[in-house]
Amino acid sequence: MAAGRLTFRNITALAPMVRVGTLPMRLLALDYGADVVYCEELIDIKMAQCRRTVNEVLDTVDFVAPDDRVMFRTCRKEKDRVVFQMGTADPDRALAVARLVEKDVAAIDVNMGCPKEYSTKGGMGAALLSNPDKIEAILRKLVSGVSVPVTCKIRILPTLEETVALAQRIEKVGVAAIAVHGRFKDERPRHPVHCDYIQAVAQAVSIPVIANGGSLDLVKTYEDIEEFRRATGAASVMLARAAMWNASVFSSQGLLPVERVMEEYLKYAIRYDNHAFNTKYCLCQMLRDKVESPLGKQVQAAQTNAEISEALGLQEFYRQTEEKLQTRREAVQSSSPP
Ligand code: FNR
């Protein structure tokens, strides 16, 4: 895909995933062939308190909370491909956050599908689905207020007609694309995905529809991505769990052994100083039923990226990378004014 304004037609995307969609996973998915990568949902209230800082040691841009936690870390390599997903129920706050990040991301997405309580309380996520006026107000504000494309991600409504009507209303606001997770609000991830609903939306709107929800039963390999796209008649496909379990699902070269994917993931986690708990969480998701294996137990017992590196036999990579980062830290310190 050529650089420039991001388009959402004929792409494969890494879906937004809380805790999973941090920088190492996004870079890994891009390496394997994903065209677009969504960050984890970030809540507008928390983001609005963040300050933007350039991290010269890591060569990243960090959005840092008042308690010094990095809420969102990004870098040049993903700038034209990363979609910032927010949880919001407030048009003004949504715009403030979108403006804070718009220079550093390729598009802004609003989560309208998450049924978890942390999202729906306060009217965010799937709660928005029953408030189309609010949806319209948020999207309208964003579309007219930022220079990057705006998208949203919905779940399906109880009937085909309602789902199509909502998608058409969203299209009219001027969003660049709409991701449709083909499950009802109350359905769990193990339930089969409703391809017919996604198809009905794809036929009813002219903006690109990104089909989502196929990981469990339909998409296990790269070839399945195209099958899922065809089955839904969508322009594009977005993968969450299939990518979380093995990000090489995006690769046209075929699936890599998960141990190899874990190593590549860990290298990015070390290089970008990812929080060890987050690194561990993602590696455990990749291990799936092997999480109680000797390797799984070692990863679970590790408390730092150094210990995780030992578990995966990457001590030497860890040592060399830390050495480089330390040299940069010293250079940055000595060049900054007292
Ligand atoms: C999710 N999902 C999700 N959706 C969203 O819009 N924002 C988010 O932050 C998250 N977080 C999240 C975390 C984890 C660990 C999972 C597994 C899922 C939902 C996800 O994007 C997707 O809609 C569903 O998982 C269905 O797609 P798959 O898994 O069938 O490809």
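Just so it is clear, the values below take in all heavy atoms, side chains as well, and ignore hydrogens, waters and symmetry mates. Just so you know, ligand 1 is whichever comes first in the structure, and atom 1 is the first atom listed for that ligand.
Closest heavy-atom approach to atom 19 (C) of ligand 1 within the set K153, E41, M17: this belongs to K153. Nearest to atom 3 (C) of ligand 1 by heavy atom, out of P115, P16, G213, is P16. Considering each of V18, L218, V180, V237, the one bringing a non-hydrogen atom nearest atom 11 (N) of ligand 1 is V18.
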Original post:
Between E56 and V54, is a side-chain contact (heavy atoms from CB on, under 4.5 Å) present by the stated rule, with each step listed?
Top reply: CA-CA 6 Å; E56 289 178 40; V54 174; 4.3 Å; yes
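Here the side chain of N55 pairs a donor or acceptor atom with the backbone of V57 at under 3.5 angstrom.
For atom 17 (C) of ligand 1, the nearest non-hydrogen atom of the protein is R241 CG, 3.6 Å. Closest to atom 20 (C) of ligand 1, if we only count protein heavy atoms, is A240 CB, 3.6 Å. Scanning the protein for heavy atoms near atom 31 (O) of ligand 1, the closest one is S215 OG, 2.6 Å. The nearest protein atom to atom 24 (C) of ligand 1, hydrogens excluded, is given as H181 CE1, 3.7 Å; this is a heavy-atom distance.
Those atoms of ligand 1 with a heavy atom of Q85 less than 4.0 angstrom away are 5 (C), 6 (O), 7 (N), 8 (C), 9 (O). Atom numbering of ligand 1 starts at 1 in the shown order; those under 4.0 Å from a heavy atom of A15 are 21 (O).
The pair R19-E40 fails the salt-bridge criterion, with no side-chain N (NZ, NE, NH1 or NH2) lying under 4.0 Å from an Asp/Glu carboxylate O. Taking a cutoff of 4.0 Å between a charged side-chain nitrogen and a carboxylate oxygen, E226 and R229 qualify as a salt bridge.
The N/O atoms of V20, backbone and side chain alike, include none that comes under 3.5 Å of an N/O atom in ligand 1. Residue-to-ligand polar distances place N212 within reach of ligand 1: an N/O pair is separated by less than 3.5 Å.
Between S248 and N246, the side chains place a donor N or O and an acceptor N or O closer than 3.5 Å (distance only, hydrogens not considered).
Looking only at side-chain heavy atoms (C-beta outward), M86 and N111 stay at 4.5 Å or farther from each other.
Residue G214 places a heavy atom less than 4.0 Å from ligand 1.
Applying the 6.0 Å contact sphere to CZ of R52 captures more than 12 heavy atoms from other residues, nucleotides or ligands. Atom CD of Q253 has 12 or fewer heavy atoms from other residues, nucleotides or ligands within 6.0 Å.
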